[in-house]
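Structure record follows, encoded as structure tokens.
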2 protein chains.
Amino acid sequence: MATQTHRTPRRTEALSRERIVETAVDLLDTAGEGGLTFKALTERLATGPGAIYHHVANKEELLGAATDALVTTALATEPAEPSATPQDVIRAVALGLFDAIDEHPWLTAQLSKKLSHSPWGTVAAQIFERVGQQVHALGAPDESLFTATSALVHYILGAAGQNAANARGVGAHVSRAEFLDTVATAWQELDPDEYPFAHTVARQLRDHDDREQYLAGIDLILRGITRD
Amino acid sequence: MATQTHRTPRRTEALSRERIVETAVDLLDTAGEGGLTFKALTERLATGPGAIYHHVANKEELLGAATDALVTTALATEPAEPSATPQDVIRAVALGLFDAIDEHPWLTAQLSKKLSHSPWGTVAAQIFERVGQQVHALGAPDESLFTATSALVHYILGAAGQNAANARGVGAHVSRAEFLDTVATAWQELDPDEYPFAHTVARQLRDHDDREQYLAGIDLILRGITRD
DNA sequence: ACCTGAACACCGTTCAAGT
DNA sequence: ACCTGAACACCGTTCAAGT
């Protein structure tokens with residue numbers, strides 16, 4: 001999608017909400033959270049701000065639409081084999097969101113905002129519904145359905161956001177390995193008496209598989225749910 | 001703290017980083033995330049923007065300092081009875097953060113930002129260290145120490161943020177009960193075939209105890225950790 | 001209906017000047 | 001060292017005017 005949007009600054013094709021959202025995603029991916037401005041948007045789309053406001057209520061709505069589009073795509077991409085267990089589906093959903101957040105790190109802040117916005121919008125409800133159905137299929141009693149789903153969803157989104165941050169590192173010129181090595185060394189040099197956790201965990205930090213560790217967290221929560 | 005800060009707009013007392021941070025917290029509590037502006041800050045403190053920049057590098061640092069101060073206080077407030085089990089300590093830490101976020105809902109976005117900021121700052125490391133030590137005491141093997149702690153921390157912060165949003169409701173003029181009732185009704189009216197989760201969970205929404213449900217999620221994850 | 005682009009109010013930040 | 005406050009660059013948003 002990114003490449004397609006990139007080479008279409010010709011004003012011949014009509015302005016549309018979809019094209020605005022696509023461009024917004026591209027700007028956010030390229031320049032980060034602060035990269036989405038109406039100035040950048042109008043330049044890329046070769047229009048004035050008024051034209052954009054004709055398709056989109058305001059910046060907040062635009063950010064919401066961009067988030068919705070990506071999350072809906074991520075949730076739709078699933079194997080759905082008939083032999084899949086609820087655990088399998090939950091892992092697939094989690095990995096779909098993991099990849100989406102990895103590709104679009106700005107989703108973290110956006111999703112956090114959507115989750116802590118009282119009357120949940122479509123995306124938040126979609127994620128909970130998707131995971132919740134599987135938790136139900138897992139045999140969780142109705143009383144613990146929300147609690148269990150909540151634990152899963154918060155981990156799924158939170159850990160994915162943390163991973164995306166690690167994957168990016170400080171700057172683009174530092175490799176992930178170099179970056180994690182620097183952090184691990186810093187942690188290892190902390191006083192083991194005051195920071196035993198950081199000290200212990202520093203070793204794993206160097207050579208762990210991101211997805212494996214991510215899925216291990218999900219399995220841990222699933223164990224808590226299915227425990228009789 | 002809020003009241004004390006409120007009645008001190010006299011310029012007699014010297015400007016200090018601490019007083020600026022206190023005022024920032026007060027503005028954020030009163031007017032929300034958007035309430036913290038240098039204009040509001042200078043009016044309350046009866047100075048110019050330059051004076052504030054003499055104590056604080058920029059707005060981001062100010063927000064970070066405000067977050068650090070509140071989280072540090074929340075983490076320090078703990079019973080620490082000698083008979084306390086690791087589970088007890090984790091619950092106490094979780095409730096401390098729960099209350100802090102409930103009182104200062106803007107902490108949610110701020111903490112989410114701090115957690116997904118590659119080289120963790122003091123606060124993020126503090127929270128992980130605090131919880132991680134107890135997870136270790138729980139007997140978790142070193143390999144799963146980070147995973148288990150991660151699951152707990154993301155739930156602790158994520159669910160607390162969600163609760164704070166519910167507690168506030170849409171506007172200040174709607175009671176929590178009324179608000180939850182409206183949401184529950186909306187969910188119950190959804191198509192049970194398409195939204196079985198929302199439909200099932202709607203009932204609990206009306207009359208549940210926030211803290212109880214929050215702690216139930218922590219216990220669920222603890223079960224996953226301690227399962228042999 | 002859709003687009004233009006100047007104008008507006010507001011924002012964070014800077015800096016020469018003061019004490 | 002600490003503070004002042006005008007000035008700057010930039011931001012989201014509006015709106016009369018065009019097609």
Side-chain angles (χ1 to χ4, degrees), chain A residues 5 8-69 106 109-110 113-114 117 121, chain B residues 5 8-69 106 109-110 113-114 117 121:
Chain A
T5 316
T8 26
R10 30 186 156 146
R11 71 198 124 188
T12 49
E13 38 184 316
L15 200 59
S16 68
R17 187 182 161 95
E18 200 196 3
R19 218 158 76 81
I20 294 170
V21 171
E22 274 174 23
T23 310
V25 168
D26 208 51
L27 284 170
L28 288 162
D29 290 349
T30 309
E33 312 235 11
L36 179 60
T37 64
F38 276 82
K39 186 167 177 292
L41 220 43
T42 52
E43 274 166 11
R44 281 266 199 121
L45 294 166
T47 36
I52 291 169
Y53 277 94
H54 200 268
H55 295 270
V56 150
N58 50 42
K59 190 181 178 178
E60 198 186 332
E61 205 216 48
L62 176 56
L63 265 164
T67 306
D68 287 11
W106 49 271
Q110 222 51 38
K113 204 172 295 180
K114 290 232 173 201
H117 201 57
Chain B
T5 315
T8 25
R10 29 186 159 144
R11 68 198 128 190
T12 49
E13 38 185 312
L15 200 57
S16 69
R17 188 182 160 93
E18 199 196 4
R19 218 157 77 81
I20 294 170
V21 171
E22 273 175 24
T23 310
V25 168
D26 208 51
L27 284 170
L28 287 162
D29 290 349
T30 310
E33 312 236 8
L36 179 60
T37 65
F38 276 82
K39 187 168 176 289
L41 219 42
T42 52
E43 275 168 9
R44 281 266 200 123
L45 293 166
T47 36
I52 291 169
Y53 277 94
H54 199 268
H55 296 268
V56 151
N58 50 40
K59 190 181 177 177
E60 197 186 333
E61 204 215 48
L62 176 55
L63 265 163
T67 305
D68 287 12
W106 49 271
Q110 222 52 40
K113 203 172 294 177
K114 292 232 170 197
H117 202 54

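Chain letters run A, B, ... following the sequence lines, proteins first and then strands; every chain starts at 1.
- Spacing between atom CD of A:Glu43 and atom P of D:dC11 amounts to 10 Å, rounded to whole angstrom units.
- Contacts of A:Leu36 with the nucleic acid, taken as non-hydrogen atoms under 4.0 Å apart, involve only primed sugar atoms and P, OP1 or OP2.
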request  = Begin with the C-alpha distance, continue with both residues' side-chain angles, and end with the deciding distance and a verdict on side-chain contact (heavy atoms from CB on, under 4.5 Å) for B:Leu63 and B:Leu28.
outcome  = CA-CA 9 Å; B:Leu63 265 163; B:Leu28 287 162; 3.9 Å; yes
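- The residues A:Lys113 and B:Glu33 are annotated as not salt-bridged, no charged nitrogen and carboxylate oxygen being separated by less than 4.0 angstrom.
- A 4.5 Å side-chain heavy-atom check between A:Leu36 and A:Trp106 finds every atom pair outside the cut-off.
- In the set D:dC3, C:dC3, D:dT13, C:dC3 carries the atom at the smallest distance from any side-chain atom of A:Thr47.
- Mapping A:Gly34 and A:Gly50 onto DNA chain D via the closest heavy atom, the residue that lands nearer the 5' end is A:Gly34.
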ask   = Under a cut-off of 3.5 Å for both distances of each Watson-Crick or G-U pair, what dot-bracket string does DNA chain D give, using [ ] for crossing pairs and | for inter-strand pairs?
value = ||.|||||...|||||.||
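- Summarising the geometry, the separation between CD on B:Glu61 and P on C:dT13 is reported as 11 Å, rounded to the nearest angstrom.
- Put simply, CG on B:Leu41 is 13 Å from P on D:dC3, counting in whole angstrom units.
- Closest to the A:Leu15 side chain, of the nucleotides D:dG12, D:dT13, C:dC3, is C:dC3.
- Note: CD1 (B:Ile52) to P (C:dT14) measures 14 Å, nearest angstrom.
- Put simply, CZ on A:Arg44 and CD1 on A:Ile20 are 14.0 Å apart, with the number rounded to the nearest 0.5 Å.
- Each of B:Lys59 and B:Ala51 was matched to the nucleotide of DNA chain C holding its nearest heavy atom; the match closer to the 5' end belongs to B:Lys59.
- A straight line from CG of B:Leu45 to P of D:dT4 spans 10 Å, rounded to a whole angstrom.
- Phosphate proximity of C:dC3 to A:His55: present, with a side-chain N or O under 4.0 Å from OP1 or OP2.
- In this structure, B:Arg17 atom CZ and D:dA1 atom P are separated by 18 Å, rounded to whole Å.
- Taking atom OH of A:Tyr53 as the reference point, atom P of D:dA16 lies 17 Å away to the nearest angstrom.
- Residues A:Lys114 and A:Asp68 form a side-chain contact, since some pair of their non-hydrogen atoms from C-beta on lies under 4.5 Å apart.
- Contact annotation: the side chain of B:Asn58 never approaches that of B:Leu62 to less than 4.5 Å [non-hydrogen atoms, C-beta and beyond].
- As a whole-Å value, the separation of B:Leu63 CG from C:dT13 P is 10 Å.
- Counting only heavy atoms from C-beta on, B:Pro49 has its side chain closest to D:dG5 among C:dC11, D:dG12, D:dG5.
- Heavy-atom contacts from other residues, nucleotides or ligands closer than 6.0 Å to CD of A:Glu18 number 12 or fewer.
- In terms of position along DNA chain D, the nucleotide closest to B:Gly48 lies nearer the 5' end than the nucleotide closest to the other residue of the pair A:Lys39 and B:Gly48.
- Taking 4.0 angstrom as the limit, B:His54 places none of its side-chain polar atoms (N or O) nearer than this to OP1 or OP2 of D:dT4.
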